[in-house]
Novice: 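Next up is a structure, given as structure tokens.
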Amino acid sequence: MTFADILLPVAVPRPFTYAVPDGAAISPGMRVRVPLGKSKICEGIVLELHRTPPTSKNGPKTIFEILDTQPFVRPEQLRLWEWIAAYYLCTPGETMKAALPAGIRNGSYRPSAQLHVRLAPDYRSSAKIAELLENIRRAKTQCKALLAYLSFLPCAPDGEPQLAPDDPAALWVPRSDITEDIPATAILRLVERGILEQQEIIPSAHDGHPSSPPVPELPADTPPYAAQITAAFAGHATVLLSGEIADTRNTALSVYISLAAQEIARGRQTLLLLPDTVLTARITNALQAAFGPRCLFYHSRLTDRARSAAYQRMIEQPGSVGLVVGTRSALFLPFRQLGLVIVDNEHDPNYRQNDPAPRYHARDTALVLASLHGAKTLLASPTPSAESWLNAAGNGKYGAVSIPAATGDILPEVTILERGKGLLSTYLRKRIGRTLDQGRQVVLFQNRRGFAPYVECANCGATPTCPHCNVTLTYHKETSALVCHYCGWSRPYSSTCTSCGMHALVPRGIGTERIEECAAELFPDTKIARMDTDTARNAGAVGRILTDLVEGETGILVGTRMVARTAQAGDRIGLVGVINADNMLAHPDFRAAERAFQLLMQLKTLLPADGSGELVVQSSQRLHPALVAVANHDTAGFYARELEERQGLLYPPYVRMLRLTFRHPDKTQTTAAAQACEALLRERFGRRVSPPFEPQVDRVQNLFILHLLLRIERQRPVARAKTILLEILARIRKRFPAVHIIAEADPQ
DNA sequence: AGCACGCCGACT
DNA sequence: GTCGGCGTGCTC
Ligand SMILES: [Zn+2]
Ligand SMILES: [Zn+2]
């Protein structure tokens with residue numbers, strides 16, 4: 001009797017063992033369908049075959065179906081999953097869930113023949129669709145059904161659905177996918193009208209995928225720094241590329257293209273990780289142009305189907321993929337002959353996944369992925385993370401290539417001053433006016449969206465808070481609502497105070513909406529645009545904002561963090577104003593100074609290289625080291641000081657942090673569990689354990705939250721600490737089963 | 001983590 | 001009488 005250890009996308013501590021049907025062709029890495037529990041059927045991955053029966057209560061169950069004839073998950077992937085689960089303190093099943101696109105590991109059972117629908121041939125163009133939507137406007141549900149169908153189509157790199165793919169079979173979408181929130185009758189009507197076609201299709205494990213693309217032309221010229229990086233790789237597996245990386249000059253991009261082309265020429269794959277999808281159209285377009293069909297895009301904005309198709313292409317035609325461009329989830333694709341991993345803007349906090357598990361850092365995971373494949377890693381950022389800076393400049397673990405300023409470049413002027421009473425200091429207001437008069441553009445940065453972070457009653461002093469969270473409600477003027485930024489709860493705005501009934505609520509503090517309004521009053525003839533998560537919902541909206549900026553349409557661009565990455569060749573930005581740097585610096589997080597420095601330095605890159613631009617920072621902490629370093633353009637000095645401080649205060653990168661989070665609707669329960677855990681941890685870890693402490697917002701969605709921190713010195717075995725931690729955690733969970741506890745490594 | 005089973009308050 | 005709240009325990 002043969003048994004198979006099967007990894008299931010379920011949060012159980014270890015794989016389950018099933019019996020293999022006699023004579024079945026099965027090997028590790030294949031997908032199988034297995035019974036789980038009373039009546040569920042689940043898809044899992046074969047890890048290992050052996051002859052030891054499981055120790056479960058009611059004997060072994062038998063595998064239902066083997067879905068593959070060749071491994072679907074490569075051994076390097078399984079080893080990466082294992083590393084993530086162990087390092088980031090989650091189960092292998094949770095990692096598997098994150099790693100395989102939903103369309104593939106979709107836990108539910110699908111009947112063998114399924115109704116599919118697709119667009120009829122007459123309507124396969126965006127013009128036809130637009131016309132059609134106009135014609136059936138009256139039938140609202142049918143419109144919705146059609147839009148729902150379109151949302152399931154694989155996307156072209158520009159984010160629009162591909163209406164006329166080379167293979168029309170790619171247009172088939174399972175009807176049940178659409179009917180999840182659309183009545184089936186609406187789809188039936190569309191079929192009757194001849195807009196959609198309907199057919200029963202038997203899904204095979206490996207269905208429609210694009211055929212092998214032709215070999216692309218390689219770019220002939222090598223940019224100046226690519227050779228330096230290649231040389232640095234001779235002595236180091238990892239190289240940090242930093243210095244004057246200017247988006248407007250495509251400095252990094254030309255290096256990426258050249259290095260990827262080298263790898264492709266040697267028959268190896270490259271993975272390029274980007275921090276997000278919104279501001280990367282420029283990069284993806286250039287890569288598409290350079291590598292054509294050898295370039296594969298993979299990110300969370302793709303539909304499940306498109307993600308599955310990408311995965312299957314990598315498995316079945318690895319030779320057709322030279323460069324994978326994607327967000328952090330692209331780490332989990334089935335690479336073969338991976339030669340190089342590039343992490344663009346490696347300091348970006350988006351690389352950290354915070355929820356759900358696995359709570360991993362894509363930059364650090366990328367290094368492990370590369371080492372599993374014997375590949376090289378290029379970390380690139382004009383403002384590296386403190387961790388990477390230490391490894392490159394401090395201890396020499398990484399090779400380092402720094403791009404110097406181009407000859408003739410003059411650094412922009414930096415002015416730091418008090419804001420004063422109003423929103424804009426007189427100085428900043430005058431500078432904005434002068435910049436606009438010169439026909440140049442202004443960027444205003446503020447790290448808060450909405451109109452005002454809180455409102456206050458002028459009569460009684462009361463401030464409305466979220467009923468579910470311990471946090472003030474943010475006033476959004478555009479939607480006339482008070483919104484909780486932690487749980488999303490909102491109510492319509494009214495200036496009547498709920499405490500005293502007076503008509504006396506006034507907005508307090510500064511959000512991007514208020515800056516936009518204020519700028520519009522001061523400069524009525526200037527077109528003002530705002531870019532934050534409220535206005536930059538999708539790639540289209542971002543594209544419009546960027547186009548308006550580069551075409552000179554926009555005079556003033558107001559926004560949050562994302563404005564720092566809007567640099568484009570052709571814009572005429574002459575001034576960047578930071579409305580209030582204090583709230584960045586006051587953030588209760590040991591990374592606050594680092595984050596502020598990185599952001600301000602990046603804002604500076606929006607300014608022209610001829611020295612004619614100016615960065616104005618409004619802050620009451622004019623002597624703050626981060627601000628001084630920005631003013632002096634002193635990156636090395638900033639990191640030296642910052643690292644020294646971290647070493648003294650026992651913060652990363654000199655210690656590894658493990659964090660526990662306790663959550664329960666009853667505060668006494670949260671406290672009891674955290675204190676009991678602290679006591680047990682203290683027995684083993686002594687002073688390395690922090691007392692329980694409240695996060696800045698100590699109640700979210702009616703759950704009271706407490707944290708515990710454990711600091712492990714770099715040189716000590718962190719794996720052993722984690723084992724002990726998990727043992728203690730198991731005991732605490734038994735004693736406080738209702739308290740929700742999560743453990744994280746390297747919390748951000 | 002899901003998800004079934006199970007045991008007590010407010011509705012037809 | 002039933003619908004449904006979420007506490008508890010299991011999944012090879
Ligand atoms: Zn009041
Ligand atoms: Zn809330």
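Please read these numbers as outputs of a predicted model, since none were measured by experiment.
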Novice: Measure the acute angle between the ring planes of A:Trp83 and A:Tyr88, then classify it against the limits of 30° and 60° as parallel, tilted or perpendicular.
Specialist: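 A:Trp83 and A:Tyr88: perpendicular rings.
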
Novice: Using whole Å, what does the distance between atom P of nucleotide C:dC6 and atom CG of A:Asp666 come to?
Specialist: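 So the CG-P distance, A:Asp666 to C:dC6, works out to 16 Å.
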
Novice: Can you establish whether the number of heavy atoms outside A:His707 located under 6.0 Å from its atom NE2 is more than 12?
Specialist: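 Correct, the count exceeds 12.
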
Novice: Between A:Phe590 and A:Tyr651, how do the two ring planes meet: parallel, tilted or perpendicular, split at 30° and 60°?
Specialist: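 Ring orientation of A:Phe590 relative to A:Tyr651: parallel.
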
Novice: Whole-Å distance between B:dC3 P and A:Leu8 CG?
Specialist: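 Between P of B:dC3 and CG of A:Leu8: 14 Å.
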
Novice: For A:Arg33 and C:dT11, give me the distance from atom CZ to atom P, rounded to whole Å.
Specialist: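 Rounded to the whole Å, the gap is 23 Å.
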
Novice: Return the value, rounded to whole Å, for the distance between atom CG of A:Leu36 and atom P of C:dG9.
Specialist: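 For the pair A:Leu36 CG and C:dG9 P, the rounded distance is 19 Å.
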
Novice: State which of B:dC3, C:dT11, B:dA1 makes the closest approach to the side chain of A:Asn58.
Specialist: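 Closest nucleotide among those given: C:dT11.
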
Novice: Whole Å only: how far is the NZ atom of A:Lys40 from the C1' atom of C:dC10?
Specialist: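 About 10 Å, once rounded to whole Å.
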
Novice: Examine C:dT11: is either OP1 or OP2 under 4.0 Å from a nitrogen or oxygen in the side chain of A:Lys61? Give yes or no.
Specialist: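 No.
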
Novice: Rounded off to whole Å, could you give me the CZ-to-C1' distance for the A:Phe64 and C:dC12 pair?
Specialist: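 So the CZ-C1' distance, A:Phe64 to C:dC12, works out to 14 Å.
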
Novice: Write down the distance between NE2 (A:His740) and P (C:dT8), rounded to a whole number of angstrom.
Specialist: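 Checked: the NE2 to P distance equals 15 Å.
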
Novice: Starting at atom CD1 of A:Ile41, determine the distance to atom P of C:dT11, rounded to an integer number of angstrom.
Specialist: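 One finds 17 Å between P of C:dT11 and CD1 of A:Ile41, rounded.
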
Novice: Tell me what A:Pro35 touches on the nucleic acid: a base, only sugar-phosphate, or nothing, going by heavy atoms under 4.0 Å.
Specialist: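 Sugar-phosphate, backbone atoms only, no base.
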
Novice: Among B:dC5, B:dA1, C:dT11, which nucleotide has an atom closest to any side-chain atom of A:Lys38?
Specialist: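 Shortest atom-to-atom distance from the side chain points to B:dC5.
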
Novice: Does any donor atom in the side chain of A:Glu594 or A:Ser385 lie under 3.5 Å from an acceptor atom in the other side chain?
Specialist: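 Judged by distance alone, the side chains do not pair up.
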
Novice: Which of these nucleotides, C:dC12, B:dC3, B:dA1, is closest to any side-chain atom of A:Arg14?
Specialist: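 Side chain of A:Arg14 sits closest to C:dC12.
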
